[in-house]
Each structure stands twice: as structure tokens, then as C-alpha cells.
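The structure appears right after this line, and notes come after that.
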Amino acid sequence: MNETLLAPEPKQHAVPSTMRALVFLGPKNIGVEQVSMPKAGFGEAVIRVTLTTICGTDLHILRGEYPVKPGLIIGHEPVGIIHELGIGVTDYAVGERVLVGAITPCGQCNYCLSGKWSQCGGPIGGWKFGNTINGAQAEYLLVPNAEVNLAKIPDDLTDEQVVLLADIASTGIAAAESGEVKLGDTVAVFAQGPIGLCATAGARLRGAGFIIAVESDPVRSAMAKRMGADVVIDYTKTNPAEEIRRMTGGKGVDVAIEALGTQETFEGALRVLRAGGTLSSLGVYSGKLSVPLKPFAAGLGDHKIVTTLCPGGKERMRRLMELVRHGRLDLRPLLTHSFSLNRITEAYELFGQRREGVIKIAIRP
Ligand SMILES: [Zn+2]
Ligand SMILES: [Zn+2]
């Protein structure tokens with residue numbers, strides 16, 4: 001047979017004009033729809049999403065508790081392959097694997113240049129994907145300020161090893177960093193959802209001497225131990241404030257991390273804090289938050305209360321990938337389920353109802 005007849009035709013890049021994406025249609029209403037493909041403008045990139053996941057924040061959006069525009073593609077945890085580079089994006093090539101943080105700072109405004117990357121442009125301004133611009137639960141994703149935000153994934157790391165660094169690991173670990181956990185500190189972490197589990201891992205990475213997790217769910221309690229908790233207190237059976245006081249000889253903990261966003265967990269964290277300790281708050285609160293005066297020592301306890309929004313940008317992602325690469329952090333056990341993008345609404349249901357011991361769900365477009 002004549003081989004020239006079988007020679008492959010010159011490669012034509014099929015340029016689809018539409019793609020599938022999960023669209024927020026209004027409170028309690030989401031659906032996978034065919035939408036138009038993004039196009040990379042100056043300084044931007046389009047990636048083909050190979051792996052993403054669903055965040056608790058997406059549930060808040062779905063329930064109408066955090067308002068976003070109907071028609072918006074949601075999701076903010078992307079791993080993918082560079083599909084198109086806009087003018088002005090150098091040092092990258094189409095086909096490279098990249099991780100993009102949930103927070104995509106511009107790298108140029110006063111906030112960014114003062115080191116407050118998450119607050120890019122103003123309050124919560126760094127959070128753009130699935131908030132103010134189209135997000136990651138789609139076949140393709142437009143990445144703004146590509147040179148600041150595309151973090152190349154080392155060849156020896158899989159998508160599954162890095163996907164949770166985009167948000168929950170960056171956020172959870174940042175709670176330990178903002179709380180300035182020191183070698184040998186005693187740390188309590190209130191709630192062991194995905195972010196609380198990563199806060200526990202962060203306390204261990206920062207060299208805490210003793211880590212106490214507060215959680216009642218048996219699957220999450222077991223995972224807390226795996227992520228670094230020495231003990232887990234089931235608050236439905238034991239009063240955490242009394243138990244933690246007892247465990248610390250009446251003194252309280254050096255750092256208390258709040259990882260849920262409720263009055264109870266905030267108060268719980270304050271009640272176990274030693275004089276001069278730090279309350280590191282991660283939760284997203286709604287309604288009103290009040291400070292009880294006794295554990296706050298009427299304002300005279302030298303307490304520090306710090307809050308943290310997920311840090312993003314490619315340098316943050318690179319540093320987190322180094323932790324994974326050298327075996328100091330393994331988040332794969334948290335990916336308990338897997339769905340295709342076509343079935344993502346079922347994944348939302350499972351995640352929202354916390355069925356089957358779900359912690360995080362891998363979504364593959
Ligand atoms: Zn999130
Ligand atoms: Zn900025």
C-alpha cells in the first residue's frame with residue numbers, strides 16, 4: 001500500500017465555537033448549557049479545563065445566599081491545559097499544563113503591590129472566577145492577567161494532586177499562616193469540612209506541637225487525624241470549651257482557627273483562646289456576628305482576631321505545589337467522588353446533602 005496515501009493530513013486545530021458549562025440561572029437553578037467559547041484578549045489566556053471541583057461557596061451561590069448574576073458560569077478551582085494565549089502573554093506555550101488559583105489578582109493595583117493579592121482592586125476583589133467573571137465548571141476558561149495567574153504544573157504531579165491547591169488548601173493553610181502558628185503551639189481548629197481539614201494540615205505544616213480538631217461527623221473526624229489532628233472532640237458529646245481548657249491545663253490554645261462561619265464556631269474559638277492568643281477566622285458569616293465579652297476579656301485580653309481570604313496568584317500556587325511534590329502535603333484522600341461535567345448537577349446534590357461521606361468531588365469536563 002502506498003504510504004503517502006496514509007500520511008496524516010496537516011493538523012487542523014478544530015476551533016469549537018461553543019462549549020459546555022454549568023450556568024447559574026438563578027437561586028436553586030443551575031444547568032449544563034451550551035455557551036459560546038471564550039476568546040483570549042490582551043494579557044489573557046484560555047485553558048481547556050481537565051479537572052475542577054465544587055466548593056462550599058458554590059453551594060451558597062446555588063442557594064441564593066451569595067448573589068451572582070444569572071447567566072454566570074460558576075466554579076473557581078481549575079486545572080487545565082493552555083489552549084490559547086492572548087497578545088502580550090510571554091513565557092508560556094499552548095499545550096502546557098497549568099493550575100490557576102481561585103483568586104486571580106491583577107498584580108498591578110495598589111492592593112496587589114502592597115501584598116494584599118486577595119483584595120485586588122478592593123474588598124474581595126481578587127475573587128473573580130464564578131463571582132464577577134465566568135468560572136471553571138466548564139470545558140474552557142478565560143484566565144485574566146495570565147502571566148500573574150498561570151502556574152505551570154511540574155511533570156511529576158498529577159491533576160488530582162494539585163486541584164485542591166487552587167482554593168481549599170491555599171485558604172486552609174493560610175489560616176495557620178495568618179494566625180502565625182509557631183513551633184510547638186497548641187492549635188484548635190473548629191469544623192473539619194474541606195477547608196477546616198486543610199487548616200489542620202496547615203497547623204501541622206507550620207510546626208504546631210498539639211492540634212485539636214472539633215467535629216462531629218465520623219468521616220471528617222477520621223480525615224482530621226489523617227491531616228494532622230492529635231485529637232478530635234465531638235462537640236455533640238463533649239463541651240469543646242471545657243475539654244480544651246482541661247487539655248491545656250486551664251490556659252487555652254495559642255491559636256484557634258474558625259473554619260465554618262457561624263456564631264457558635266466563632267464563639268467556640270474565642271472561648272478556648274489563651275490570653276494574648278490569635279483567633280484566625282476563615283468562615284464566611286451571614287447576618288450578624290457578635291463578640292461575647294467574657295472570653296474576650298472585655299477587650300483587655302491582648303487577643304488578635306485575623307481573617308483570611310484564599311491567597312492566589314502563580315507564586316502561591318508554585319509554593320503549594322512544592323509541598324505536594326516533596327511529600328509534605330497529600331490532598332488526594334479528600335477527593336472522595338468523581339463526576340463528569342455532564343452530570344455535575346447530581347454532584348451538587350450529593351455535595352450539598354453531604355451524602356456518602358463526601359468531602360470533595362472531582363469534576364472532569
Ligand atoms: Zn471556594
Ligand atoms: Zn490587583
Side-chain angles (χ1 to χ4, degrees), residues 11-24 30-55 58 68-69 71-108 117 120-121 125-155 157-159 162-163 165-167 310 312-318 321 340-342 344 362-365:
K11 233 184 190 165
Q12 291 282 333
H13 265 298
V15 183
S17 58
T18 62
M19 65 166 186
R20 279 170 302 122
L22 182 80
V23 179
F24 172 77
I30 48 173
V32 175
E33 298 199 339
Q34 206 69 30
V35 301
S36 54
M37 270 285 291
K39 179 101 194 82
F42 186 87
E44 298 173 335
V46 172
I47 66 169
R48 179 167 65 77
V49 179
T50 51
L51 184 62
T52 184
T53 175
I54 304 171
C55 178
D58 300 324
V68 301
K69 270 198 325 271
L72 191 77
I73 300 168
I74 55 178
H76 49 259
E77 301 163 275
V79 176
I81 292 170
I82 297 176
H83 171 77
E84 184 195 0
L85 291 167
I87 296 166
V89 184
T90 56
D91 288 334
Y92 291 93
V94 168
E96 283 180 315
R97 290 169 67 227
V98 289
L99 166 68
V100 187
I103 300 295
T104 47
C106 76
Q108 300 169 33
W117 301 83
C120 171
W127 174 33
K128 297 169 188 165
F129 287 145
N131 180 26
T132 54
I133 63 173
N134 278 333
Q137 289 162 7
E139 287 183 280
Y140 294 87
L141 172 69
L142 182 72
V143 180
N145 302 101
E147 287 191 339
V148 182
N149 291 300
L150 298 176
K152 294 180 191 180
I153 302 173
D155 288 340
L157 290 178
T158 63
D159 289 2
V162 301
V163 66
L165 302 177
D167 182 8
C310 175
K314 71 177 176 186
E315 173 62 4
R316 174 71 175 175
M317 294 301 115
R318 185 193 70 78
M321 284 193 281
S340 67
L341 179 65
N342 288 336
I344 191 171
I363 303 289
R364 292 186 171 82

Quiz prompt | ring pair (Phe, Tyr, Trp, His ring centres under 6.0 Å) involving Tyr140 - partner list, sequence neighbours excluded | solution = His83
Quiz item: So, the side chain of Arg97 versus the backbone of Leu157: is there a donor-acceptor pair under 3.5 Å, distance only?
Solution: yes
Quiz prompt | Smallest separation among heavy atoms of Ala40 and Gly86, with atom names | solution = CB-N, 3.6 Å
Quiz item: If you measure from CG on Leu150 to CD1 on Ile153, what distance do you get to the nearest 0.5 Å?
Solution: 10.5 Å
Quiz item: Any salt bridge (charged side-chain N to carboxylate O under 4.0 Å, His left out) pairs touching residues 126-143, not counting sequence neighbours?
Solution: Arg20-Glu139
Quiz prompt | Smallest separation among heavy atoms of Ala138 and Ile73, with atom names | solution = CB-CG2, 4.0 Å
Quiz prompt | Pairwise distance CD1(Ile47) to CD1(Ile81) - rounded to 0.5 angstrom | solution = 9.5 Å
Quiz item: Looking at residues at least two apart in the chain, or sitting in another chain, which of them share a salt bridge (Lys or Arg N to Asp or Glu O under 4.0 Å) with Lys152?
Solution: Glu96
Quiz item: Atom NE2 of His76 and atom CD1 of Ile133: how far apart are they, to the nearest 0.5 Å?
Solution: 12.5 Å
Quiz item: Do the side chain of Asn149 and the main chain of Pro105 share a donor and acceptor less than 3.5 angstrom apart?
Solution: yes
Quiz prompt | salt bridge (Lys or Arg N to Asp or Glu O under 4.0 Å) partners of Glu147, counting only residues at least two apart | solution = none
Quiz item: Okay, side chain of Thr50, backbone of Val79: is any donor-acceptor separation there less than 3.5 Å?
Solution: yes
Self-check item: Nearest heavy-atom neighbours spanning Asn342 and Val32
Solution: O-CG2, 4.2 Å
Self-check item: Modelled atom types, side-chain donor and acceptor of Thr52 and Glu77, under 3.5 Å
Solution: no
Exercise. Work out which heavy atom in Cys310 is nearest to a heavy atom in Ile103; give both atom names and the distance.
Key: O-CG1, 2.9 Å
Practice problem: Of all the heavy-atom pairs spanning Ile30 and Phe24, show the shortest one and how long it is. | Solution: CG2-CA, 4.0 Å
Quiz item: When rounded to the nearest 0.5 angstrom, what distance separates SG in Cys120 from CD in Gln108?
Solution: 9.0 Å
Exercise. Only counting residues at least two apart or in another chain, list the ones meeting side chain to side chain donor-acceptor pair (under 3.5 Å) with Arg364.
Key: Glu160, Ser338
Self-check item: Atom pair OG1 (Thr53) and CD1 (Ile363), whose distance is rounded to the nearest 0.5 Å
Solution: 6.5 Å
Quiz item: Who passes salt bridge (Lys or Arg N to Asp or Glu O under 4.0 Å) against Arg48, sequence neighbours left out?
Solution: none
Quiz item: side chain to side chain donor-acceptor pair (under 3.5 Å) with Ser340: which residues, sequence neighbours excluded?
Solution: none
Quiz item: Is there a side-chain contact between Met37 and Thr18, using heavy atoms and a 4.5 Å cut-off?
Solution: no
Self-check item: Ser36: side chain to side chain donor-acceptor pair (under 3.5 Å) partners, not counting sequence neighbours
Solution: none
Exercise. Output the distance between atom CG (Asp167) and atom SG (Cys55), rounded to the nearest 0.5 Å.
Key: 4.5 Å
Exercise. Hey, could you give me each pair passing side chain to side chain donor-acceptor pair (under 3.5 Å) that has a residue in residues 129-138? Not counting sequence neighbours.
Key: Asp58-Gln137, Tyr66-Asn131, Gln137-Tyr348
Quiz item: Is any side-chain heavy atom of Val35 closer than 4.5 Å to a side-chain heavy atom of Val23?
Solution: yes
Quiz item: Could you walk me through whether Ile82 and Val98 pass the side chain to side chain contact (heavy atoms under 4.5 Å, CB included) check?
Solution: CA-CA 7 Å; Ile82 297 176; Val98 289; 3.9 Å; yes
Practice problem: Would you check, one step at a time, whether the test side chain to side chain contact (heavy atoms under 4.5 Å, CB included) holds for Lys314 with Val148? | Solution: CA-CA 6 Å; Lys314 71 177 176 186; Val148 182; 5.8 Å; no
Quiz item: In chain order, what residues pass the side chain to side chain donor-acceptor pair (under 3.5 Å) check against Glu44, with sequence neighbours excluded?
Solution: none
Quiz prompt | Exercise: identify the closest heavy-atom pair between Pro144 and Thr104 | solution = CG-OG1, 3.8 Å
Exercise. Report yes if some heavy atom in the side chain of Val89 is under 4.5 Å from a heavy atom in the side chain of Phe42; otherwise report no.
Key: no
